[in-house]
*Asks:* 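What follows is a structure written as structure tokens; I'll ask about it next.
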Number of protein chains: 2
Amino acid sequence: MDIPNPLGRRTVNLRRQSKRTYGKRAKELVFLLDLLKISGNRGEVLSTTGRLAGLAGMSQQSISLVLRSLASSGFLAKQHSKNGERIFLTSKAYDRIAQELAGVSLPAIRDHLERRELVVTGTLFTGKGEGAYYVSQKEYSRQMHQRLGFVPYPGTMNLRLNGFEDVNKILLLHSLHPIKIEGFTTHERTFGDVFCYDVEIAGGPKIYLVRSERTSYDLTVVELISDVYLRKALRVEDGDTVRFSFFV
Amino acid sequence: MDIPNPLGRRTVNLRRQSKRTYGKRAKELVFLLDLLKISGNRGEVLSTTGRLAGLAGMSQQSISLVLRSLASSGFLAKQHSKNGERIFLTSKAYDRIAQELAGVSLPAIRDHLERRELVVTGTLFTGKGEGAYYVSQKEYSRQMHQRLGFVPYPGTMNLRLNGFEDVNKILLLHSLHPIKIEGFTTHERTFGDVFCYDVEIAGGPKIYLVRSERTSYDLTVVELISDVYLRKALRVEDGDTVRFSFFV
DNA sequence: ATTACTAAGTGACGAGTAT
DNA sequence: TATACTCGTCACTTAGTAA
């Protein structure tokens with residue numbers, strides 16, 4: 001009791017946990033957010049560590065490490081399957097995200113947005129021909145002619161996005177002014193709504209990014225349409241990098 | 001033209017920018033978010049690097065570095081003043097945040113929240129007596145008696161939060177079920193609404209966290225009230241660490 | 001008081017490789 | 001194929017100190 005701690009403090013300068021905590025917290029949070037986003041807010045992702053590595057711009061080893069670390073912290077559950085891992089966000093992950101995002105006001109952010117061009121980069125690949133099937137539907141084609149100003153070439157150009165930042169930009173695009181093509185029903189089946197977004201390729205023909213309401217959601221893939229055969233017009237082939245842009 | 005690149009790719013495996021990009025992106029984003037949050041979404045913070053260091057759990061030097069790096073990337077503007085720096089988020093920062101948050105659905109997150117206890121840690125300090133002034137107002141006191149079940153001791157216990165994570169938790173608390181104490185007007189001045197949040201201290205008396213609608217917003221400080229003199233009841237003094245909790 | 005530079009320590013990252 | 005381990009490297013952090 002004599003000569004107590006000179007400042008009368010019980011806990012002096014309570015040093016935060018360990019070192020490098022902030023970077024760790026940040027990486028954890030952003031990774032969880034990225035997973036949530038590419039899952040389309042469903043909180044369930046089926047992917048390989050290699051693929052995630054590509055998106056994150058990290059090595060496969062590091063992704064493996066990150067996933068295991070997040071899993072052991074209880075933020076996610078993994079299920080090993082032969083072609084990748086199935087990853088589930090736990091409610092602890094949602095808690096974490098909710099905590100971090102609690103104080104940010106989305107409207108306040110929107111108020112400060114500047115109009116500017118966002119550039120997205122993707123790698124061209126050949127899809128399963130679904131795009132062509134859809135775009136060829138007379139009713140879609142008719143409405144597109146009316147709303148977009150051209151009859152679409154019967155096929156879409158598929159790009160696989162190269163990083164989470166590109167995925168983010170696409171998600172931002174999704175939140176913007178789409179041109180809605182109404183779904184319809186034939187005697188065979190029902191076709192859902194399709195959303196078209198005004199994007200552009202420097203020096204290329206007029207294009208739109210199309211997104212089907214109910215496509216088997218892979219948010220890391222985008223489809224572009226035009227009135228011409230884009231691969232030819234742009235002289236690109238599978239594996240080539242294609243850049244397009246839009247304004248926020 | 002002969003023997004072209006074997007895979008027919010123009011850009012093979014487009015390696016992401018440089019190394020360690022992800023961690024950097026994450027830290028940048030989270031730091032911007034943290035600044036936005038402690039500014040109460042105003043995008044303007046007046047603080048010293050040392051104080052931010054405390055909140056972030058990093059050294060003063062690192063904060064200095066981070067701030068300069070963010071400034072040179074155009075995410076924020078700094079104004080040096082004799083007692084700290086005034087930091088402004090630029091619209092580029094808002095763009096960045098908007099981009100990252102574009103694809104996350106807040107309702108989807110809330111759906112997955114688990115009910116659990118959040119513990120907040122703060123350091124006791126002596127305020128300017130404003131809390132006492134407010135709580136002593138008859139009208140506040142009367143309403144508190146009615147709504148909270150006790151007549152508040154004429155004084156508040158001020159805690160300075162020790163880290164961004166605690167700030168986040170408080171912001172989450174703010175988004176919850178407050179008990180609203182109506183503002184009123186005397187012949188002298190107008191008193192704004194006050195919000196009370198149900199929190200608890202293990203082994204201590206019933207307490208509420210109070211937040212004035214119009215307090216000179218320092219989100220890193222919280223005020224607690226009870227019907228007794230809390231410093232005595234809890235046997236704590238300036239500089240001591242106090243822990244309280246609430247349920248999400 | 002502040003913020004910022006330098007130098008040194010260490011923890012994160014990825015290449016190689018095992019499974 | 002897939003994920004995960006080892007280990008050398010280097011980028012980030014901080015202590016010390018200058019401004």
Side-chain angles (χ1 to χ4, degrees), chain A residues 7 12-32 34-35 45-73 75-88 162-164, chain B residues 7 12-32 34-35 45-73 75-88 125 163-164:
Chain A
L7 289 167
V12 185
N13 206 8
L14 173 108
R15 257 272 152 266
R16 308 292 301 162
Q17 303 80 316
S18 63
K19 287 179 196 171
R20 237 161 272 223
T21 326
Y22 195 82
K24 197 162 191 169
R25 168 170 88 96
K27 247 183 52 185
E28 269 182 17
L29 174 68
V30 172
F31 200 85
L32 291 175
D34 280 335
L35 286 177
V45 176
L46 178 57
S47 180
T48 66
T49 50
R51 175 129 181 66
L52 289 173
L55 287 169
M58 299 168 86
S59 68
Q60 172 270 321
Q61 295 88 329
S62 295
I63 294 291
S64 170
L65 221 58
V66 169
L67 286 179
R68 275 177 293 153
S69 151
L70 286 172
S72 75
S73 309
F75 289 121
L76 49 86
K78 293 190 297 173
Q79 269 179 11
H80 201 99
S81 75
K82 64 168 181 270
N83 47 358
E85 314 230 45
R86 190 175 292 274
I87 301 161
F88 304 88
N162 289 318
F164 279 129
Chain B
L7 290 166
V12 185
N13 205 8
L14 172 106
R15 256 275 151 265
R16 307 294 302 164
Q17 302 81 315
S18 64
K19 286 179 198 171
R20 237 159 278 217
T21 325
Y22 195 82
K24 198 163 191 168
R25 168 169 88 95
K27 246 182 53 183
E28 269 182 18
L29 174 69
V30 172
F31 200 83
L32 291 176
D34 280 335
L35 285 177
V45 176
L46 177 57
S47 179
T48 66
T49 51
R51 177 129 181 64
L52 289 174
L55 287 169
M58 300 168 86
S59 68
Q60 172 271 321
Q61 294 89 332
S62 294
I63 294 291
S64 171
L65 224 56
V66 169
L67 287 179
R68 276 177 292 154
S69 152
L70 286 172
S72 74
S73 308
F75 288 121
L76 48 86
K78 291 190 299 172
Q79 269 179 12
H80 202 100
S81 74
K82 64 168 183 269
N83 48 358
E85 314 230 43
R86 191 176 291 275
I87 301 161
F88 303 88
F125 73 101
F164 278 128

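Residue numbers start from 1 in every chain, and the chains themselves are labelled A, B, ... in the order their sequence lines are given, proteins ahead of strands.
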*Asks:* Would you say D:dA11 has OP1 or OP2 under 4.0 Å from some side-chain N or O of B:Lys27?
*Replies:* no

*Asks:* Taking salt bridge (Lys or Arg N to Asp or Glu O under 4.0 Å) as the definition, give me every residue that meets it alongside B:Arg86, ordered by chain and number, with sequence neighbours left out.
*Replies:*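 Per chain and number, B:Arg86 pairs via salt bridge (Lys or Arg N to Asp or Glu O under 4.0 Å) with B:Glu44.
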
*Asks:* For the atom pair CG (A:Leu29) and CG (B:Leu29), what is the distance rounded to the nearest 0.5 Å?
*Replies:* 7.5 Å

*Asks:* Who pairs with A:Arg51 by side-chain hydrogen bond (donor to acceptor under 3.5 Å, both in side chains), at least two apart in sequence or on another chain?
*Replies:*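 side-chain hydrogen bond (donor to acceptor under 3.5 Å, both in side chains) check on A:Arg51 returns A:Thr220.
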
*Asks:* Under the side-chain hydrogen bond (donor to acceptor under 3.5 Å, both in side chains) test, which residues partner A:Ser47, sequence neighbours left out?
*Replies:* none

*Asks:* Do A:Ser72 and A:Arg68 have a side chain donor and acceptor closer than 3.5 Å?
*Replies:*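 On atom types as modelled, these side chains do not qualify, holding no pair under 3.5 Å.
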
*Asks:* Could you give the angle between the helix axes at the two ends of the helix from C:dT2-D:dA19 to C:dT19-D:dA2, with five pairs per end, rounded to 10 degrees?
*Replies:* 40°

*Asks:* With a 4.0 Å limit, can you tell me whether A:Ser59 has a side-chain N or O closer than that to the phosphate oxygens OP1/OP2 of C:dG14?
*Replies:*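 Affirmative; the distance criterion is met.
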
*Asks:* Can you find a heavy atom in the side chain of B:Ile63 that is under 4.5 Å from one in the side chain of B:Phe31?
*Replies:*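 Result yes, sub-4.5 Å side-chain heavy-atom pair found.
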
*Asks:* Could you run down nucleotides 1-7 of chain C 5' to 3' and tag each one B, S or - for protein heavy-atom contact under 4.0 Å?
*Replies:* -SBBB--

*Asks:* Measure the distance from CZ on A:Arg25 to P on D:dT13 and round it to the nearest whole Å.
*Replies:*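 Result: 13 Å.
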
*Asks:* Taking only N and O in the side chain of B:Lys24, is any of them less than 4.0 Å away from OP1 or OP2 of C:dA12?
*Replies:* no

*Asks:* Quick one: does any side-chain atom of A:Ser64 pair with a main-chain N or O of A:Gln60 as donor and acceptor, under 3.5 Å?
*Replies:*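 No; zero donor-acceptor contacts below 3.5 Å.
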
*Asks:* Any side-chain N or O of A:Ser62 less than 4.0 Å from the OP1 or OP2 oxygen of C:dC13?
*Replies:* no

*Asks:* Taking salt bridge (Lys or Arg N to Asp or Glu O under 4.0 Å) as the test, write out the residues that go with A:Lys24, two or more places apart.
*Replies:*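 Partners of A:Lys24 under the salt bridge (Lys or Arg N to Asp or Glu O under 4.0 Å) test: none.
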
